[in-house]
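For the single chain, residues carry numbers from 1 onward in sequence order. Both backbone and side-chain heavy atoms feed into the values below; hydrogens, waters and symmetry mates do not.
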Amino acid sequence: MNQVADHIINDDRPGLPGLFLWQVLVPAFVFGILSIKWMLPSLTALLVYLFLVFTFRPEKGAAFLMLVLFGIGHWYGNFVLHPGPGPMPEWMAGREKVKLSAIIHSIKGAPGNRLKILLEDVSCQSEAGITDLAGFLNWTWDKPDRFPFVGQQVSFVARVKPVHGFRNSGLWDYDFYCRTKNIRYRTYSRGPIKDGGLKPYAPQGLQKLRASLREHILKNAPPTDGGAIFPALLIGDRFSLSGDSVELIRRAGVSHILALSGLHVGFIVAMGFGVSWVVGLICPRIYLRVPRMRLGVLFSVLPVLLYLWLGQFSPSLMRAVCMFGFWGLLMFFNRGRVLLDGLFMAVVVILAFAPLSAFDLGFQLSVLAVAGIALLCPLFFRLLPSGHNLLFKAIRFVLAVFYVSLSANLALLPVVIWNFGVFTPNILFNIIFVPLIGSLVLPICGVGGLVVSNISFDLSHALFVAGGRVFDWLLQLVRDAINLGLLPEYAFYRPHWEGLLIYYLMLGAVLLFMYGKAKRAQVMLVPILLLLGLRISGEFGPQRVRMDVLDTGQSQCVVITGPQGTRTVVDGGGGFGRTFDMGRSIVGPWLAHGYLPHVDNIFMTHGDRDHAGGLAFLLEKFSVGSFYSNGDIPSGRVGERFEAAFKDRGIVPQTLLSGDNIIIEPGLIVEVLHPSLGFEGSRNDRSLYLRLVWNGHPLLSISGDLDRKGVRAVLNSGHELESKVLLLPHHGSAGSYSPELYECVGPEMAIAACGFLNRYNFVAQKIIRELDKRRICMYTTSAYGMITVEWNSDGAVITAP
């Protein structure tokens, strides 16, 4: 048997499993695919992997094959990567509404009564003519009045935009994700379709059957939060789930129950093995012809395939079925090492046909979770108590579920934190959720209720109601735990790519040590120390002041980093409806990328949601030194979060007026130039006007949402206004236009925080013309994404877009 090295792993059991040569080569191919987006991290990971393989004496020629496969993976990934949106037609750039006609390619129910629909063969009719759009168009249909079918033709009037995410370094890249899925455009509608509609469509065959099953589920399941779980569990439809339910599930650390994946397929397989056990009780002699394990595999095949079809062949379900298919084959032929060998086989097959799956977070989590279970569970299972009475069996079962969850979470930890920016150490609820859903809610109440729905409505309804009550009880249990403070959630340090590699190298070293390979574990310290040195060396350099204007759409967030490392946030972005938290999704994760979740100072220019909304998350989850504002605290739910955070975290808000100076660091001062005591004006005109000065050099002016009256007050204040950079008032609105301000500030560049194709048409054309006439360079977050400016100790701009 070809193994990476006889010296790494002995064949004594239990121990770390050896790898075949083809399995050793798989990571090199994966690194090659990932390199099309992350070249330096992927190449570094390959070099570290080569070092370890060389150290552990691999098969001859393995290093050459790894380099070849890395190159093949890089070429293959680029070859299949779809192009992004092309140049925008004039009607799209002008935000004109068009008559859109298309065919429905796929439908996905999202929480809060929304449908995520991919449209293909899209044509848009404008005054200029008909434009055919390549790729898919992502249509969000909010509060639809009917449920469409795949293959149905639809037409309606809407605005169409290219896909355009928030472009900030170190965060999830939505634009690239859409390229991997060939999604190039997006649109939105709410309620019944106007000026168009769905073309009459009669589903046939399996599609008609699936629609009938969905109707049976919705008709028989109770209209409660608990009842809404059945469409999610059975067909992957989260349409009826409320945002509150999804948040409770997330806080409990059991979000995996909502994604049709390996967990659900495991439930179905368990049902198949349960049937084989019952058959064995009735006819024990069958085991003489077909061993119990093989019989369980045979009884699982059809239910798994039916579940795959019922779940509409979703990518996550396809991956899970592929993995379980290989595991089933290995078990059927009595092969050992089922979990790890099946995982490698599935990864090879999936990436051979869909290489861009390597960028899919669901794929990454599935692979890491299974690998963690395969490698870590044997260690934890050594701790299981022995005994054969019922009590010991119950204890062993509970601990086994806990150890499986712990193993998976240890393998997932850095990837989950990197993608979501928060850490919820709440895996104990898996011990309650997973057994109840796997043994009762899904198989008996869900599948059982669906099977008998055509026989007896009363029995089907009773089963669904019973399952719904169980899930309602689980949700209430989570609510009570949150109210008692038993389910904490923390903003957490998000590692750079070097940190990700270091974590998995350390985890590997611990594994080797625990399996009695201490000398091999010591070898892992070499790349760990080199990566630490690489990370630390990047933190040293000449003293500078840095400003980042984050891309938060049609809102504003500015982060100032002082020469000694202090971090000051001016406004936190916001907006985008009730379900999107800018602080949780963008500002907080960006601030925690390579830093502890701490902010030295927060300045809030005024209380409008597009400036204040994202600050609520920072106040709740980050360590905050000081909070400053003009006294205008937001209203509504955001204001309630502010007040609760002030009380719970012991933050004392301070009100600023013209003439105040805040020392950020020695020599680095924020001057407050507006509003003055007694100034009366609109909420926008009462915004703070701040100027950043370093050792006497004026660097930056931030002007909130000042309009004409506020700008005039600043000009008449008598303060010195000169700055190298001006953050344009009110995102560059026409109401803030002021040649006098541009003259007094005299900036080298002007920056506007505004959204891509925003409905206000910011920045106003007359401002663009005025700045161009004065030869002031203008940059917008809508065009450039996140904008970074750095100044040296002489106050000169040394880094700019």
Side-chain angles (χ1 to χ4, degrees), residues 1-4 17-36 42 46 49 62 65-66 68-82 106 180-182 236 259-266 268-269 272 297-298 300-309 311-375 408 411:
M1 181 172 64
N2 293 327
Q3 294 181 329
V4 180
L19 297 180
F20 296 101
L21 177 60
W22 69 269
Q23 293 171 331
V24 176
L25 301 176
V26 171
F29 181 65
V30 176
F31 294 149
I33 296 172
L34 296 176
S35 69
I36 70 174
S42 300
L46 177 69
Y49 186 56
L65 290 175
M66 287 183 207
V68 170
L69 282 172
F70 181 88
I72 292 174
H74 181 79
W75 169 82
Y76 192 22
N78 275 310
F79 179 76
V80 299
L81 183 63
H82 304 284
S106 65
T180 65
K181 305 294 183 183
N182 199 22
L260 297 190
S261 59
L263 178 67
H264 304 78
V265 175
I268 301 300
V269 170
V297 171
L298 291 174
S300 300
V301 171
L302 184 58
V304 166
L305 292 177
L306 287 174
Y307 193 60
L308 176 64
W309 165 75
Q312 302 184 64
F313 300 93
S314 68
S316 61
L317 203 52
M318 287 283 288
R319 290 193 297 268
V321 170
C322 182
M323 290 183 186
F324 274 90
F326 283 113
W327 293 333
L329 283 174
L330 292 170
M331 291 173 64
F332 191 82
F333 291 106
N334 294 320
R335 286 285 306 277
R337 299 161 31 107
V338 169
L339 206 56
L340 204 59
D341 284 352
L343 175 63
F344 272 102
M345 291 177 182
V347 167
V348 169
V349 170
I350 291 169
L351 294 184
F353 290 95
L356 298 181
S357 295
F359 296 99
D360 193 301
L361 180 59
F363 175 78
Q364 296 169 7
L365 297 181
S366 297
V367 170
L368 289 172
V370 173
I373 292 169
L375 296 173

Practice problem: Specify whether W22 and F344 have parallel, tilted or perpendicular ring planes, treating 30° as the upper limit for parallel and 60° as the lower limit for perpendicular. | Solution: perpendicular
Quiz item: How would you list, by chain and number, every residue that makes a side-chain contact (heavy atoms from CB on, under 4.5 Å) with I72, sequence neighbours excluded?
Solution: F29, V68, L69
Practice problem: Could you check Q23 against V348 for side chain to side chain contact (heavy atoms under 4.5 Å, CB included), going step by step and ending with a plain yes or no? | Solution: CA-CA 9 Å; Q23 293 171 331; V348 169; over 6 Å; no
Exercise. For a side chain to side chain contact (heavy atoms under 4.5 Å, CB included) with I36, tell me which candidate from Y76, F359, W75, F79 qualifies.
Key: F359
Return a table of donor-acceptor pairs under 3.5 angstrom between the side chains of residues 315-326 and protein atoms on other chains or two or more places apart.
residue : atom : partner : partner atom : Å
S316    : OG   : L260    : O            : 2.6

Quiz prompt | Inter-residue atom distance L329.CG - M345.CE, 0.5 Å rounding | solution = 8.0 Å
Quiz item: Take atom CZ in F313; do more than 12 heavy atoms of anything else shown fall under 6.0 Å from it?
Solution: yes
Quiz item: Just how far is it from atom OG of S300 to atom CD1 of I268, taken to the nearest 0.5 Å?
Solution: 9.5 Å
Quiz item: Are the side chains of T180 and H82 in touch, meaning some heavy atoms are under 4.5 Å apart?
Solution: no
Quiz item: Roughly how far, to the nearest 0.5 Å, is the CG atom of L330 from the CG atom of L340?
Solution: 10.5 Å
Quiz item: Do the non-hydrogen side-chain atoms of V265 and V269 ever get within less than 4.5 Å of each other?
Solution: yes
Quiz item: Which atom pair, heavy atoms only, marks the closest approach of L351 to A358?
Solution: CD2-N, 3.8 Å
Self-check item: S35 versus F70, closest heavy-atom pair with distance
Solution: CB-CZ, 3.8 Å
Self-check item: Smallest separation among heavy atoms of P355 and V80, with atom names
Solution: CG-CG2, 3.5 Å
Quiz item: Of the non-hydrogen atoms in Y49 and P27, which two are nearest, and what is the gap between them?
Solution: OH-CG, 3.6 Å
Quiz item: So how far is it from L34 CG to Q364 CD, rounded to the nearest 0.5 Å?
Solution: 7.0 Å
Practice problem: Enter the distance from K181:NZ to L356:CG here, rounded to the nearest 0.5 Å. | Solution: 8.5 Å
Quiz item: Would you call V24 and M66 a side-chain contact if the rule is heavy atoms closer than 4.5 Å?
Solution: yes
